[in-house]
Amino acid sequence: MLGGRNRRCGGLWRSLCPAAAGGSAWPRCPRALSAASPSSGGGARSGGAPPAGASNVKPLDGVKILDLTRVLAGPFATMNLGDLGAEVIKVERPGAGDDTRAWGPPFAGTESVYFLSVNRNKKSIAINMKDSKGVKLIRELAAVSDVFVENYIPGKLAEMGLGYEDIKKIAPHIVYCSITGYGQTGPMVQRGGYDSIAAAVSGLMHITGHEDGEPVRPGVAMTDLATGLYTYGAIMAGLLQRYKTGKGLHIDCNLLSSQVACLTHVAANYLNCKIEGKRWGTAHGSIVPYQAFKTKDGYLVVGAGNDQQFVTVCKILNLTEVSKDSRYKTNTLRVQNRKELIDILSARFSEKATMEWLQLFEGSGVPYGPINNMQQVFSDPQVLHNGLVMEIIHPTAGRIVVPGPGVRYSEFAVSHPKPPPLVGQHTVEILKGMLGYEDDAIEELLRSGAVAQHEA
């Protein structure tokens, strides 16, 4: 029995499996992923209410996620899981918290906007993991959680008794997900992993940038974000696997593997044909035309993915003779004669303003669009219609606005998000609610520095 508190079984696997209530080992329970009661929300609004007639029960209602991740890949994954109803318990260092809390400017009040962008729908508990009492709390929280997510260098948590094999002994049901730079084993396993380094090592930077220019880092941390999405999907798969087998498992996610997997056709070109990847700017190595064209006052991106679309582009540009030219009849020929064709198209696009071209391409069936700045993005009627502007009331920063979730569902809405937490904002609440600690035990933990509670 875990000491220092009144034992209170928690976590979806316990609450829905009567056999587990007596402290028995993880049962083979077919109801382990059933929805619990809908979670309530408030203090925020986003694009769209629940569809008419929907109960707004979310798929991960009742799932408890113990989140030891920091920075971007892990927090992005757990935020998306929180959007689907999971209760995310974010473990942070007392005082400083997640590294990104210091990343700025800009700040909203005293809060880093970077941190605010990827940490909605979470509760924060501040635990000193260098204190043995703090480590004990992590183990107790893991025992009543469904998912354990971490992004420490391989072996670090095992040294503290918090590795997968350690947690598996006390929580055989746990879906334990590790996020690292390069994986759990191999020659680079002990290297730290940041997005830019992984983007370089994986080859992404080699293929990003102007054709004749230097390698370029993408404008957002795409390797981190891709890893976060892989992690999000992997955890969902882990929960489904547990539903089928009754057992937890260890998931290995890493920046290098995520980005190499996302090289798709560029990687296949090399692996099958030994064609080295190169930078194409906004263009595409295998499709022409498929790039940005400079207009009188900006840029327009046009993609002709098949021969009929190319004919339509030429018609809109009043260049029908070009579509009939034998050098440009097929995509293969257009790729071979890229320079001559792009010069012709570029000269014509430069004759009109972007808005004029937008009006001419409207309804043509050809994919097209302007290169928008942020002001234009968040004024775009489709962006607004899709609920991608999410307003939240934060306890200290007041009204904040963050990008909303990228997926919508017919039977429930990802709405009423909880604001990103303050460091240790929910420490006492979690100790009482999840672990059943009494006030005197909590006071002792606070006095010893093993935990901290934010005082608003």
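Only this structure's heavy atoms are used, side chains among them; waters, hydrogens and symmetry mates stay out.
- To the nearest 0.5 Å, the span separating NZ on K133 from CG on N128 amounts to 9.0 Å.
- Atom CG of residue L300 and atom CZ of residue F293 lie 8.5 Å apart, to the nearest 0.5 angstrom.
- Between A261 and Y230, the shortest heavy-atom distance links the atoms CB-OH, 3.5 Å.
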Should I430 and L141 be marked as a side chain to side chain contact (heavy atoms under 4.5 Å, CB included) after you check the CA-CA gap, both sets of side-chain angles, and the distance that decides it? CA-CA 9 Å; I430 291 166; L141 287 167; 3.8 Å; yes
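- With salt bridges taken as basic N to acidic carboxylate O contacts below 4.0 Å, none links K58 and D83.
- From N80, atom CG reaches atom CE of M236 across 10.0 Å, with rounding to the nearest 0.5 Å.
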Would you check, one step at a time, whether the test side chain to side chain contact (heavy atoms under 4.5 Å, CB included) holds for I371 with V301? CA-CA 7 Å; I371 294 181; V301 179; 3.8 Å; yes
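- Atom CG of L84 and atom CZ of F412 lie 5.0 Å apart (nearest 0.5 Å).
- At a threshold of 4.5 Å between non-hydrogen side-chain atoms, the residues T231 and C177 count as touching.
- Counting heavy atoms from C-beta outward, P421 and H426 have side chains that approach closer than 4.5 Å.
- L162 has its side chain out of reach of K156: every pair of non-hydrogen atoms, C-beta onward, lies at least 4.5 Å apart.
- Atom CZ of R191 has 12 or fewer neighbouring heavy atoms from other residues, nucleotides or ligands inside a 6.0 Å radius.
- Put simply, the side chain of H173 never gets that close to the backbone of D146: no donor and acceptor are under 3.5 Å apart.
- Using cut-offs of 30° and 60° on the angle between ring planes, the pair Y176 and F148 is parallel.
- Between Q375 and S379, the side chains place a donor N or O and an acceptor N or O closer than 3.5 Å (distance only, hydrogens not considered).
- A cation-pi geometry, defined here as NZ or CZ lying under 6.0 Å from the six-membered ring centre and within 45° of its normal, does not hold between R101 and F107.
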Start with the C-alpha gap between L263 and I207, add the side-chain angles, then the distance that decides, and say whether side chain to side chain contact (heavy atoms under 4.5 Å, CB included) holds. CA-CA 10 Å; L263 293 177; I207 60 173; 4.0 Å; yes
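- No hydrogens or angles considered: nothing links the side chains of D224 and T227 as a donor-acceptor pair under 3.5 Å.
- Atom CG in L255 sits 9.0 Å away from atom CD in Q259 (nearest 0.5 Å).
- Ion pairing between a basic and an acidic side chain is recognised when a charged N comes within 4.0 Å of a carboxylate O; D67 and K123 show no such pairing.
- Side chains of V149 and S178 form no contact here, defined as non-hydrogen atoms less than 4.5 Å apart.
- Judged purely by distance below 3.5 Å, without hydrogens or angles, the side chains of H394 and T396 pair a donor atom with an acceptor atom.
- Atom CG of L431 sits about 5.0 Å away from atom CD1 of I442, to the nearest 0.5 Å.
- Under the rule for a salt bridge (charged side-chain N to carboxylate O under 4.0 Å, His left out), E165 has no partner lying at least two apart in sequence or in another chain.
- Nearest heavy atoms, T100 versus V71: CG2-CA, 3.5 Å.
- In terms of modelled atom types and a separation under 3.5 Å, the side chain of S112 and the main chain of G104 share no donor-acceptor contact.
- Counting all heavy atoms, side chain and backbone alike, L384 lies closest to F378 at CD2-O, 3.7 Å.
- Side-chain contact check for V88 versus N121: every heavy-atom pair is 4.5 Å or farther apart.
- Side chains of S124 and E92: a donor-acceptor N/O pair is present below 3.5 angstrom, by distance only.
- You'll find the side chain of E159 stays beyond 4.5 Å of the side chain of Y152, heavy atoms only.
- Shown here for A142 and A171, the closest heavy-atom pair between the two residues is O-CB, 3.8 Å.
- Closest of all the heavy-atom pairs between S145 and M434 is OG-CE, 4.0 Å.
- A distance-only check finds no donor-acceptor pair linking the side chain of D61 to the backbone of V57 [under 3.5 Å].
- Between E150 and Y164, the side chains place no donor N or O within less than 3.5 Å of an acceptor N or O (distance only, hydrogens not considered).
- Distance alone, capped at 3.5 Å, places no donor-acceptor pair between the R217 side chain and the A200 backbone.
- Here the side chain of R279 pairs no donor or acceptor atom with the backbone of D212 at under 3.5 angstrom.
- Nearest heavy-atom pair, E391 versus R399, reported as atom, atom and distance to 0.1 Å: OE2-NH2, 3.2 Å.
- At a threshold of 4.0 Å, the pair E87-K64 counts as salt-bridged, since one of the basic side-chain nitrogens sits closer than that to a carboxylate oxygen.
- Under a 3.5 Å cut-off, the side chain of Q190 and the backbone N or O of P154 do form a donor-acceptor pair.
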Between L445 and Y437, is the side chain to side chain contact (heavy atoms under 4.5 Å, CB included) condition met? List the steps. CA-CA 10 Å; L445 288 170; Y437 270 78; 4.0 Å; yes
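- Salt bridge status for D131 with K136: absent, with no side-chain N to carboxylate O gap under 4.0 Å.
- Without hydrogens or angle criteria, N331 side chain to V288 main chain gives a donor-acceptor distance under 3.5 Å.
- Side-chain contact annotation: H265 with S286, donor-acceptor N/O pair under 3.5 Å absent.
- Taking the ring pair (Phe, Tyr, Trp, His ring centres under 6.0 Å) definition, one finds that Y290 meets it with H284, sequence neighbours left out.
- Looking only at distances, no side-chain donor or acceptor of N386 sits under 3.5 Å from a matching main-chain atom of V383.
- Using a 4.5 Å heavy-atom threshold, the side chains of L68 and N151 count as separate.
- Remark: K169 NZ is loosely packed, at most 12 non-hydrogen atoms of other residues, nucleotides or ligands lying under 6.0 Å away.
- Under the side-chain contact (heavy atoms from CB on, under 4.5 Å) test applied with I125, the options T427, L66, L137 reduce to a single match, T427.
- With hydrogens and angles disregarded, no donor-acceptor distance shorter than 3.5 Å links the side chain of E443 to the backbone of D439.
- Between Q453 and L446 there is a side-chain heavy-atom pair separated by less than 4.5 Å.
- Judged by distance alone, the side chain of K122 and the main-chain N or O of V118 form a donor-acceptor pair under 3.5 Å.
- Atom CD of E214 is surrounded by 12 or fewer heavy atoms from other residues, nucleotides or ligands within 6.0 Å.
- Residues satisfying the salt bridge (charged side-chain N to carboxylate O under 4.0 Å, His left out) criterion with D98, sequence neighbours excluded, are K90.
- For the pair R70 and W103, the cation-pi test (distance below 6.0 Å, angle within 45°) is failed.
- No hydrogens or angles considered: nothing links the side chains of D380 and Q376 as a donor-acceptor pair under 3.5 Å.
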